[in-house]
Amino acid sequence: MATQTQGAKEDLRHILQRIDGRGYPAYRDLEGTYRFGTFQLVIEHVQSDPFAPPSRFRVEMGLDRTGIPGELYADPVRRTAMEDFILRTAHQRLKGWRQRRGSGKSGLIEITEPSQVVIPRSAVEIGHSRLTVRFVVGLPARGRTVLGRQAEEMILEDIPAWVEESFLWKSMDQNNARDHVALAVDQAALRRWMAEEKVIAFVADGAILPRESGQSDKPMGRGAVPFRSPESLRREVRLPSGRSVTGLAILQGITLICGGGYHGKSTLLRALEQGVYNHIAGDGREWVLTDPTAVKIRAEDGRWVRGVDISPFINDLPYGKSTDQFTTESASGATSQAANIMEAVEIGATTLLIDEDTSATNFMIRDARMQALVAKEHEPITPFIDRVRQLFDEWGISTVLVVGGAGDYLDVADAVIAMESYIPKDVTAEARRVVEQFPSGRKAEAVGPLPAKPVRKVRELGRRPKPGDKWKVEAKDEHLILYGRERVLLQAVEQLVEIGQTRAIAACLRILTERADGRSSLAELVRQLLVEMDQKGFAALAGSRGCPGNLAMPRPHEVAAAVNRLEGLKIV
Ligand code: ADP
Ligand code: MG
C-alpha cells in the first residue's frame, strides 16, 4: 500500500490502457487515490482474481459539494437518518444496471442493502466535512485477463454517473429525504417522552406487527390486523413534526401479555424486541418503540457460560458446585436462561423481554404441587417468578413477559394485557379478582435480597494470536462468527437485525482480544469501543485492509453477547 498512486482521473485511464489484456494481478496497480471533478475515488484494495471477493472502493466528497442542506445532518439523529436515506437511494439506483461484464464477479458494482431499520452503517458515513461512501467493484476479466476497456467504462463512466444520481442533493428525492429525517426526529422525541414518563414500550394504534414470513422482515400484506390499544392504557403524544400518535404505553414494572394460543402474543413481543431500533416509513413498526436497552431473554441450552454469577436463580447444585462464578461448556435450559439474564443486566439492560414459548419451564415456575412434592432443599432453582419483583425493586429492571399457561404469574404482575384475535385488552383488574378468587397456593422461594449487580473483569477473550499467526475473526452469517478456529454461535441472540452488525461485532472481538488485560470490566471494554465508533466512525474498527463497507452498528448488548459465548473467555 506504500506505493499507492495519487493522481487524477486521467492517470487512472492510462493505467487501465496499459494493463489491458494482461494477467489479473496487474489490476493491483490501480490501488490509490484519484481526483474526479466533484469527488475523490479511492481504490482501497484490489481483489486477487475475478472469483475472489470484489475490490474495495471508496468515494469521498466534500459535504458542501453534495448540496445537501446542513440541517438534514445537524445532529446524530438526523445524520444517521440522512446516511440511511443516501444508502437507500444509492442501492436503489444500482438496481437494474448492467451488472456483468465477463467472468466471476466481473462488472459488479455493489453497495450494502439496508434492512427495515435505520442504524449507522459503514457504507455511507457523513463526517465533519465529508461524505464517505464505501462499495465493492468486480473488476472485469475474461478468464483471468484484464478487460481494460470495460473497466474504463465502469470506473470512469458508470461510477461517476452513479455518484451524480445518488449523492447530489439535486438528484435526490428531496421530499422523501426530508420526511425520512423528520420521522427519525419524531421517533427520537417519542423515545425522550417515554423515558420521562417511565414508559418502556410504546405500540401505536394502526401499527402492523406481523411480518410477511419467517424469512422476510417486510410487513404482512393482506390480512394483517392493525394494532389497536386498549383505552385504559392509551396515551397520546405530540411530536416535533406536528403530528401526534396514540397507542399502548407499557410502563416500567412487570407486564404480562397473556391470551390464547395463536392470538398474536409472540408477534407483539417480537415487535417489542425490534423496537430497540427505529424502522423506516411503511414498515408498520415506525411507532413501535422499546427501551433501547431491552434484551430478549430465552433459554439456550448447550451454550458456553464463563464465570457468571447465576446464584440469584440457581444455588446449591448437587455436589456443592458453586454458582456465583458459574462456568460450563453446555448449559441446561434453566442455567442458560439465568446466565442470559445476568449478562444482560451486566451490560446495562433495564428491560427484559421473555416469551414462555422459548423459556425453560422449570426456570419460570414451580407450582404449589411441585413445591409439595420436591422440597426446596432439593431444588437448586429459584424460579424467575420469585425474583422478577426484586429485579424491579432492587435493580430497576422491568420485565415484559408472554404467558399462555403459567397463571401463577398473575400474582406478580403490575399490568396484564390479554391478546384476543390480535387486539390487546387491559385485563389487569380482572386478573386481580382471579388472584383473590383462586390463590395459587405456592410459597415464594426467594431467600434474601439480590446480590450486587454483576460486574466481571476480563482477563482474556481467547488466546492472543502471535505475530505472523493466521488468525482471523469473521462473520460467517448473521448468527455465526468464526473466531480463529472457534465457532461462536449467535442463533439465540435474536436482536441482531443485519449481518453488518455481526461483521462489526467480529471486528470488535478482534480489537477486544488485544485490549482485555484483567483491569477493565466487560461492560467498560465494550462501551469504550462503541464510544470510539461514535466519535471516529467505523474507521475505529478498520483492520489491516482498511474499513470495509459492509458493517453496521451493533448495540453493546449484542457485542457483549458474542464475548460471553467465547470458549476461551477468562474472567478475573
Ligand atoms: P401466539 O404467540 O399468541 O400463539 P403468534 O404471535 O405466534 O401467536 O401469532 C400466530 C399467528 O398469527 C402468526 O402466524 C402471526 O403471523 C399471525 N398474526 C399475529 N398478529 C397478527 C395480526 N395483527 N394480524 C394478522 N395476523 C397476525
Ligand atoms: Mg407464541
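Fair warning: this is a prediction, and the values are worked out from it, not measured in the lab.
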Side-chain (Q187) to main-chain (E286) donor-acceptor, under 3.5 angstrom: yes
Exceeds 12 heavy-atom contacts within 6.0 angstrom, atom CZ of R228: no
Exceeds 12 heavy-atom contacts within 6.0 angstrom, atom CD of Q215: no
Side-chain touch R238/S244, heavy atoms, less than 4.5 angstrom: yes
Pairwise distance CG(L496) to NE2(H557) - rounded to 0.5 angstrom: 12.5 Å
Donor-acceptor pair between T132 and E60 side chains, under 3.5 angstrom: yes
R503 side-chain N/O to N550 backbone N/O, donor-acceptor pair under 3.5 Å: yes
Pairs meeting criterion ring-ring contact (aromatic ring centres under 6.0 Å, His included) with involvement of residues 66-89, two or more places apart: F85-H180
Selection residues 400-412 - residue pairs positive for side chain to side chain donor-acceptor pair (under 3.5 Å), sequence neighbours left out: D411-S440
Test salt bridge (Lys or Arg N to Asp or Glu O under 4.0 Å) applied to R515 and E532, step by step: CA-CA 14 Å; R515 291 192 184 170; E532 288 165 33; 2.9 Å; yes
Selection residues 159-171 - residue pairs positive for salt bridge (Lys or Arg N to Asp or Glu O under 4.0 Å), sequence neighbours left out: E164-K170
Within residues 391-400 or reaching into it, pairs that qualify as side chain to side chain donor-acceptor pair (under 3.5 Å) - sequence neighbours excluded: Q390-E394
Heavy-atom check, side chain of V133 versus side chain of L87, under 4.5 Å: no
Pairs involving residues 549-564, ordered by first then second residue, that meet salt bridge (Lys or Arg N to Asp or Glu O under 4.0 Å) (sequence neighbours left out): R555-E558
From S359 atom OG to I354 atom CD1, the distance as rounded to the nearest 0.5 Å: 6.0 Å
Gap between atom OG1 of T246 and atom CD of E236 - 0.5 Å precision: 6.5 Å
Heavy atoms from other residues, nucleotides or ligands near CD of E231 exceed 12 (cutoff 6.0 Å): no
Pairing residues for S216 by the side-chain hydrogen bond (donor to acceptor under 3.5 Å, both in side chains) criterion, not counting sequence neighbours: E212
Distance in Å, M342 CE paired with I297 CD1, rounded so as to fall on 0.5 Å steps: 11.0 Å
Any pair counted as salt bridge (Lys or Arg N to Asp or Glu O under 4.0 Å), so long as it reaches residues 66-81, sequence neighbours left out: E71-R178, D75-R78
Pairing residues for N564 by the side-chain hydrogen bond (donor to acceptor under 3.5 Å, both in side chains) criterion, not counting sequence neighbours: R456
Aromatic ring pairing F57/F135, orientation class (parallel under 30°, perpendicular over 60°, tilted between): tilted
CG on L248 to CG on L268, rounded to 0.5 Å: 7.5 Å
Quiz: residues 412-420 side-chain donor-acceptor pairs under 3.5 angstrom, not counting sequence neighbours:
{"from": "D414", "atom 1": "OD1", "to": "R389", "atom 2": "NH2", "distance (Å)": "2.8"}
{"from": "D414", "atom 1": "OD2", "to": "I254", "atom 2": "N", "distance (Å)": "2.8"}
{"from": "D414", "atom 1": "OD2", "to": "R389", "atom 2": "NH2", "distance (Å)": "3.2"}

S229 side chain to D205 side chain, donor-acceptor N/O pair below 3.5 angstrom: yes
Partners meeting salt bridge (charged side-chain N to carboxylate O under 4.0 Å, His left out) with E125 (sequence neighbours left out): R134
Test item: H279 and W287 side chains (from C-beta on) under 4.5 Å apart, heavy atoms: no
Sequence neighbours excluded, every pair satisfying salt bridge (Lys or Arg N to Asp or Glu O under 4.0 Å) that has a member inside residues 256-271: none
Please list, one pair per line, the donor and acceptor atoms closer than 3.5 Å that link side chains of residues 193-204 to other protein atoms, with sequence neighbours excluded.
{"from": "E197", "atom 1": "OE1", "to": "R235", "atom 2": "NH2", "distance (Å)": "2.9"}

D477, CG atom: more than 12 neighbouring heavy atoms under 6.0 Å: yes
